[in-house]
Number of protein chains: 2
Amino acid sequence: MRSFPLSRVYQLLEPGPVVLLTTASKGQANVMTMSWHMMVDFEPALLACVVSRANFSFRALRSTREAVIAIPARGLADKVVKVGNCSGSEIDKFKRFGLSPLAARHISPPLIAECFCNLECRVTDTSLVRRYNLFILQIVKAWIDPAQKNPKTLHHRGYGAFVVDGAMIKLKSKMR
Amino acid sequence: MRSFPLSRVYQLLEPGPVVLLTTASKGQANVMTMSWHMMVDFEPALLACVVSRANFSFRALRSTREAVIAIPARGLADKVVKVGNCSGSEIDKFKRFGLSPLAARHISPPLIAECFCNLECRVTDTSLVRRYNLFILQIVKAWIDPAQKNPKTLHHRGYGAFVVDGAMIKLKSKMR
């Protein structure tokens, strides 16, 4: 084994799929690119994510306690990167990048029509926000686009490199 | 958009790469399969993970506050599933599945020689363990195996299905 710099570990461990996170504040929707998230529980469906306070979305997420997590497939890779390279404090990213907002059922932030999956989420725990910008969200409604067959997700590897889903393998498993 | 069951959302969002987590307690090493983890910070290198208290590893992780996160490539998929389908309370998984423990530098749990990446971790925050089984770990040392070129990682999709890394794409990005 060879020693590896800690500052580059995220390139190996960073989870994916890369997702888009939408928020809405004072009638203005915004969207950011995110890949630091994980499942926390099945029932209720909980997830954790880290949203840096340097992101314009941070304040909306913390104050409105609502967000949509939308999962883009391979075809949206260019837009995913562009969304991540600018700030909602300066532009309307939905208009700029041709993303179509759809009304969510339970919350104010919009779904993204182009994404194959949209998850309506409510922030349920902010106890680790101050220390780590870590939010716990409950998924209250999930949507998929049945027209997108076998979507390939993106996994960030740092500096503009993404691995795209490859082959699916099936193994005998007792794991859920 | 079509409604999607919340109980299956993890199949879309579950991050990957699937990793192995080693612990050591009273001189006995153990290993489990895990895919609920995410990066939390670059510097210091922090990550979060969820280890169910139903797992034999839970007690060792909580009491010793040390673990290795080892990342297996495609060739280990069978072993990864088998490790996840049995309990260290009953068998020595290293022996049973032919995984080779290597001494870590800073902590007691072993590295796994067959994995292309090994991360020595110390638990630094247990404030969300009681509520969510969520641990915050600091990575104190990272190792890679330079002999494994372009390793393909595994992403769990539920019920024994895994997506293997496919093509790498490069896009112009300001993202780290």
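Please read these numbers as outputs of a predicted model, since none were measured by experiment. So you know, we letter chains A, B, ... as the sequences are listed, proteins then strands, and number each from 1.
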> In terms of heavy-atom pairs under 4.5 Å, which option from Asn118(B), Asp165(B), Leu111(B) contacts chain A the most?
Replying inline: Asp165(B)
>> Quick check for you: to the nearest 0.5 Å, what is the distance between Thr124(A) atom OG1 and Tyr132(B) atom OH?
In response: 4.5 Å
>> Counting only non-hydrogen atoms closer than 4.5 Å, does Ser52(A) touch chain B with its backbone (N, CA, C, O), its side chain (CB onward), both, or neither?
In response: neither
>> Applying a strict under-4.5 Å side-chain criterion to I, L, V, M, F, W and Y, I'd like to know whether Leu137(B) and Val140(B) cluster together.
In response: no
> CZ of Arg157(A) to CD1 of Ile169(B): how many Å apart, nearest 0.5 Å?
Replying inline: 12.0 Å
>> Is Ala147(B) close to chain A through its backbone or its side chain, or both, or neither, when contacts mean heavy atoms under 4.5 Å?
In response: neither
> Does one hydrophobic cluster hold both Val31(A) and Phe56(A), with members joined at side-chain heavy-atom distances below 4.5 Å?
Replying inline: no
> More than 12 foreign heavy atoms under 6.0 Å from CZ of Arg59(B): is that the case here?
Replying inline: no
> In terms of heavy-atom pairs under 4.5 Å, which option from Arg74(B), Gln148(B), Arg105(B) contacts chain A the most?
Replying inline: Arg74(B)
> Of the backbone (N, CA, C, O) and the side chain (C-beta and beyond), which part of Lys152(A) lies under 4.5 Å from a heavy atom of chain B, both, or neither?
Replying inline: neither
>> Need one label for Asp78(A): side chain, backbone, both or neither, based on atoms under 4.5 Å from any heavy atom in chain B.
In response: both
>> I need the minimum non-hydrogen distance between Gly166(B) and Val163(A), along with the two atoms involved.
In response: N-CG1, 3.8 Å
> Once you round to the nearest 0.5 Å, how far does CE of Met38(A) lie from CG of Leu134(B)?
Replying inline: 4.0 Å
>> Measuring from atom NE2 of His156(A) to atom CG of Leu171(B), what distance do you get when rounded to the nearest 0.5 angstrom?
In response: 9.5 Å
> Say you draw a straight line from NZ of Lys82(B) to NZ of Lys172(A); how long is it, rounded to the nearest 0.5 Å?
Replying inline: 10.5 Å
> Roughly how far, to the nearest 0.5 Å, is the CG atom of Asp41(B) from the CZ atom of Arg131(A)?
Replying inline: 13.5 Å
> In terms of heavy-atom pairs under 4.5 Å with chain B, which of Leu102(A), Ile136(A), Val40(A), Val50(A) leads?
Replying inline: Val40(A)
> In terms of hydrophobic clustering (I, L, V, M, F, W, Y; side-chain heavy atoms under 4.5 Å; direct or indirect links), are Ile71(B) and Met168(B) co-clustered?
Replying inline: no
> Between Ala77(A) and chain B, which part of the residue has a heavy atom less than 4.5 Å away: side chain, backbone, both or neither?
Replying inline: both
